[in-house]
Amino acid sequence: MKNFIVVLIIAIFIVSCGGETMPKPQPYLNLKYPTATYKKIESDCAYNFEISDIATIHFKNNCWAIIQYPKLKATIHITYRKVDNNLEEILKEVEKLTFEHTIKADVINAIPYENDLKRVFGKLYNIEGNVATNVQFRVTDSVNHVLSGALYFYVKPNYDSIVPAIKYIEKDIAHLVETLEWK
């Protein structure tokens with residue numbers, strides 16, 4: 001009986017060690033976001049635009065706004081400034097806020113936007129890396145109005161983890177800019 005157990009144990013070791021050990025592949029999150037549908041936001045401010053149906057918007061007295069994505073734990077903070085012969089100063093101030101992220105950013109991409117018919121001119125900034133805000137934008141009519149915004153998440157910056165949500169909301173921001181109308 002003793003010999004049988006020893007032979008059985010040796011046979012198990014020989015059979016179990018015959019194959020090559022393969023590492024398990026790295027798992028990835030399978031995040032699914034709803035297809036974007038948009039609603040037009042009419043306001044008492046100098047602008048109108050469309051936002052995603054999964055977002056809510058709250059306006060402040062100075063026409064600043066907060067667009068919230070509760071399911072994604074994200075917020076877009078929008079700032080409105082009336083131009084009073086200080087367009088260049090306002091645009092430099094907005095750009096300065098964007099490029100303060102240079103210390104932690106890996107890359108800052110600026111995507112220009114122009115719509116002569118609607119008089120909407122601006123830039124969308126995509127900031128890669130562990131920064132406080134990964135998407136920012138600014139638009140103007142070059143005469144009277146400047147609208148700028150920044151995307152924030154309610155988490156400590158970890159770019160690799162939140163990149164799918166960033167890309168999803170970035171499309172909504174691009175849509176916001178494309179549908180912007182000045183009054």
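Residues Thr133 and Gln136 share a closest heavy-atom pair of CG2-NE2, 2.9 Å. Between Arg119 and Trp182, the closest heavy-atom pair is O-NE1, 3.0 Å. Between Ile108 and Thr98 the shortest heavy-atom distance is CD1-O, 4.2 Å. Scanning both residues, Glu128 and Asn109, for their nearest heavy atoms gives OE2-ND2, 3.7 Å. Between Tyr80 and Trp64, the shortest heavy-atom distance links the atoms O-NE1, 3.1 Å. Minimum heavy-atom separation, Pro112 to Ala110: CD-O, 3.6 Å.
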Should Asn158 and Asn130 be marked as a side-chain contact (heavy atoms from CB on, under 4.5 Å) after you check the CA-CA gap, both sets of side-chain angles, and the distance that decides it?
CA-CA 5 Å; Asn158 185 353; Asn130 294 330; 4.2 Å; yes
Full working for side-chain contact (heavy atoms from CB on, under 4.5 Å) between Ile169 and Val135
CA-CA 9 Å; Ile169 297 175; Val135 180; over 6 Å; no
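Side-chain contact of Asp172 with Tyr69: a donor-acceptor pair under 3.5 Å is present, judged by distance alone. For the residue pair Tyr113 and Glu178, no side-chain donor N or O sits within less than 3.5 Å of a side-chain acceptor on the partner.
With rounding to the nearest 0.5 Å, the separation of CG in Leu91 from OG1 in Thr140 is 6.0 Å. Taking CG from Asp53 and OG1 from Thr37, the interatomic distance works out to 3.5 Å, rounded to the nearest 0.5 Å. Here the NZ-OG distance, from Lys156 to Ser161, works out to 11.5 Å after rounding to the nearest 0.5 Å. Atom CG of Asp141 is separated from atom CG of Asn115 by 12.5 Å, given to the nearest 0.5 angstrom. Between atom CG of residue Asn126 and atom CD1 of residue Ile166 there is a gap of 7.5 Å, rounded to the nearest 0.5 Å. Rounding to the nearest 0.5 Å places NZ of Lys82 at 14.5 Å from CG of Asn62.
A salt bridge links Lys167 with Glu170; the closest basic N to acidic carboxylate O contact falls under 4.0 Å. Glu181 has a carboxylate O that lies under 4.0 Å from a charged side-chain N of Lys40, or vice versa, which qualifies the two as a salt bridge.
A continuous path of hydrophobic side-chain contacts links Phe59 to Val139 [ILVMFWY only; heavy atoms under 4.5 Å]. Side-chain heavy atoms closer than 4.5 Å link hydrophobic residues (I, L, V, M, F, W, Y) into clusters, and following such links, even through other members, never connects Leu97 to Leu124. Both Phe49 and Ile111 are assigned to one and the same hydrophobic cluster, defined by single-linkage of ILVMFWY side chains at heavy-atom distances under 4.5 Å. No path of Ile, Leu, Val, Met, Phe, Trp and Tyr side chains, each step under 4.5 Å between heavy atoms, connects Val146 with Phe137, placing them in separate hydrophobic clusters. No single ILVMFWY cluster, assembled from side-chain heavy atoms under 4.5 Å apart, contains both Ile127 and Ile162.
Looking at Glu100 and Lys96, their side chains come closer than 4.5 Å, going by heavy atoms from C-beta outward. Taking 4.5 Å as the limit, some side-chain heavy atom of His77 sits within range of a side-chain heavy atom of Thr75. No side-chain heavy atom of Phe153 sits under 4.5 Å from any side-chain heavy atom of Lys73. The shortest distance between side-chain heavy atoms of Leu147 and Thr79 does not fall below 4.5 Å. Side-chain atoms of Val131 and Lys104, non-hydrogen and from C-beta on, do get closer than 4.5 Å to each other. Between Asp160 and Val163, every side-chain heavy-atom pair lies at or beyond the 4.5 Å cut-off. Within the 4.5 Å cutoff, the side chain of Ile54 has heavy atoms near those of the Tyr168 side chain. Side-chain atoms of Leu176 and Ile78, non-hydrogen and from C-beta on, do get closer than 4.5 Å to each other.
Open room surrounds CD on Glu88; 12 or fewer heavy atoms of other groups in view lie less than 6.0 Å from it. Annotation for Asp106: atom CG counts as buried by contact number, over 12 foreign heavy atoms lying within 6.0 Å. More than 12 heavy-atom neighbours from other residues, nucleotides or ligands sit within 6.0 angstrom of NZ on Lys183. Within a 6.0 Å radius of NZ in Lys118, other residues, nucleotides and ligands contribute more than 12 heavy atoms. For NZ of Lys92, the number of neighbouring non-hydrogen atoms (other residues, nucleotides, ligands) closer than 6.0 Å is 12 at most.
Judged by distance alone, the side chain of Asn48 and the main-chain N or O of Ser43 form a donor-acceptor pair under 3.5 Å. Remark: side-chain polar atoms of Thr179 are paired, donor with acceptor, to backbone N or O of Glu50 under 3.5 angstrom. A donor-acceptor pair under 3.5 Å is formed between the side chain of Tyr47 and the backbone N or O of Cys63.
Looking at residues two or more places apart in sequence or on another chain, you find a ring pair (Phe, Tyr, Trp, His ring centres under 6.0 Å) between Tyr38 and His175.
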